[in-house]
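Side chains are part of it too, since the values below use all heavy atoms of this structure and drop only hydrogens, waters and symmetry mates. The residues of the chain are indexed from 1 along the displayed sequence.
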Amino acid sequence: MKFDTIIIGGGLSGLVCGIKLQENGQNTAIVSTGQSALHFSSGAFDLLNKLDDGTEVDIPANFISLLPSSHPYSKIGYDKFVKYCREVPSLFKNASINLKGDPETNGYRITPLGQVKKTWLVFEDFNTMNTAVINYENVALCNFNGFLDFYPQFIGDVLAGEKCKYKRVTLDLPFIEKLRHNPTEMRATNIAKVFDSEENIEALLKEINSRCEFASTIMLPAVFGLYSLAPVEYLKEKCGKKICLLATMPPSVPGIRTQQMLRKYYSYCGGAYMMGDTVEKADMDSDSVKSVYTANHDGIPLSADNYVLATGSFFSNGIIAEPEGIFEPVFDLDTDNDPDRSNWYDNDFFSRQPYMKYGVKTDHDFKPFRKGRILENMYAAGSVLSGFDAVSEGCGGGVSIFTALCVANKILGGE
């Protein structure tokens with residue numbers, strides 16, 4: 001089978017790259033092993049929250065020149081970085097995903113543990129704030145009886161510290177109680193399926209009205225709308241009070257929905273999404289990839305003019321750490337890492353961990369190296385790349401999206 005571009009990895013970076021290419025007339029395929037990091041999302045895309053020296057970032061573009069040359073944003077450059085900031089909301093809107101926030105300035109969000117942290121753009125389910133101060137008044141902090149992936153005690157402690165008036169409310173609904181017969185069923189995704197029914201949302205609204213008369217703001221776990229935003233919109237429209245949804249611990253209902261909507265739009269654009277498949281080997285010469293072979297295609301080669309590696313980092317096995325070193329398992333690409341294993345980590349668990357910056361080594365066009373030679377028809381994008389720490393810098397979502405757009409534009413000949 002022949003394509004213009006084959007993308008290995010069906011997460012955020014792979015889908016954004018595939019959508020951009022398909023929208024511009026390419027014939028592409030995405031080979032996706034399974035779940036992506038979006039399934040564990042807290043409902044926001046971070047762009048750049050902090051520098052390595054601890055400097056707080058408000059307008060990310062203003063700090064690009066301060067990043068090391070190995071950082072993906074440095075390779076993208078200031079002009080394209082600003083361009084992508086403005087482009088991303090409309091790209092997601094094409095997939096019926098509305099993002100809230102200023103595309104050029106960081107805002108703030110409330111985390112699953114109630115902390116206020118900087119962020120860039122948030123899913124429409126959630127609220128974004130202009131300051132780090134929570135200024136909600138008369139809050140009903142609600143949870144469902146038996147739901148353990150949401151922490152009202154922690155959130156309440158933060159609200160109390162912000163001098164917000166609140167009261168914890170446990171909501172008792174028979175159709176939620178039924179899920180408690182099996183502890184493994186009381187997860188955000190299972191609750192979301194129950195709330196696909198307007199009848200059950202009406203029952204929730206009735207419970208809120210009877211238990212939360214004192215409140216002007218209702219805080220709830222984000223367990224609405226697994227397949228579409230309709231349950232969230234219906235809840236907010238009918239409640240009569242301000243609804244503030246807070247992210248739960250994984251799995252993430254809004255994250256899964258976003259993954260599904262991106263995948264649906266990619267397929268609508270004509271892309272071939274090979275779900276549950278894995279690239280196992282490749283035919284290569286010294287400076288290019290000739291074809292790849294996947295687990296589900298029984299020895300049939302898949303060939304393309306260009307290939308994009310978007311398999312993720314350690315979390316998704318896009319990068320493998322073994323006693324003898326750090327490896328990229330599909331193409332045996334060169335990686336950036338310290339050869340001394342003792343330098344991979346800091347004994348202080350809460351310090352920055354050096355291994356977080358390890359990944360595939362590329363040139364400034366995001367073309368990877370293999371045995372010291374650049375692969376001319378291959379690119380790498382997203383968290384498989386080296387040179388950044390998604391956690392300490394707060395840049396994981398932005399790197400995934402922006403490098404995907406940059407790579408797609410280079411394939412299209414526009415950059």
Counting only pairs under 3.5 Å, give me each side-chain donor-acceptor contact of residues 54-61, with atom names and distances, residues two or more places apart or in other chains.
unit_1	atom_1	unit_2	atom_2	d
Thr55	OG1	Asp53	OD1	2.7
Thr55	OG1	Asp53	OD2	3.3
Asp58	OD1	Lys118	NZ	2.8

Residues 366-376, side-chain donor-acceptor partners within the protein, below 3.5 Å, at least two apart:
unit_1	atom_1	unit_2	atom_2	d
Lys367	NZ	Glu376	O	3.2
Lys367	NZ	Glu376	OE1	3.2
Arg370	NE	Phe331	O	2.8

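Pairs passing the ring-ring contact (aromatic ring centres under 6.0 Å, His included) check and including a residue from residues 7-46, sequence neighbours excluded, read Phe40-Phe315, Phe45-Phe92, Phe45-Phe123. Every pair passing salt bridge (Lys or Arg N to Asp or Glu O under 4.0 Å) that includes a residue from residues 387-398 is listed here, sequence neighbours excluded: Lys357-Glu393.
Between the side chain of Asn106 and the backbone N or O of Leu48 there is at least one donor-acceptor pair closer than 3.5 Å.
Remark: Glu124 does not engage Lys236 in a salt bridge, criterion side-chain N to carboxylate O under 4.0 Å. In this structure, Asp346 does not pair ionically with Arg352, as no charged nitrogen and carboxylate oxygen lie closer than 4.0 Å. Ion pairing between Lys117 and Asp46 fails under the 4.0 Å rule for side-chain N and carboxylate O. The pair Lys2-Asp305 meets the salt-bridge criterion, since a charged nitrogen lies less than 4.0 angstrom from a carboxylate oxygen.
In terms of the side chain to side chain donor-acceptor pair (under 3.5 Å) criterion, residue partners of Ser351 (sequence neighbours excluded) are, by chain and number, Asp348. Here Asp365 pairs with Lys410 under the salt bridge (Lys or Arg N to Asp or Glu O under 4.0 Å) rule; sequence neighbours left out.
For Glu199, the CD atom counts as loosely surrounded, since its 6.0 Å shell holds 12 or fewer non-hydrogen atoms of other residues, nucleotides or ligands.
Ring to ring, Phe175 and Phe144 are not that close: their centroids are 6.0 angstrom or more apart. Outside the 6.0 Å centre-distance limit, the rings of Tyr355 and Tyr345 are not counted as a close aromatic pair.
Between the side chains of Tyr78 and Ser65, no donor N or O sits under 3.5 Å from an acceptor N or O.
Using bins of under 30°, 30° to 60° and over 60° for the plane-to-plane angle, the ring pair Phe154/Tyr151 lands in the tilted bin.
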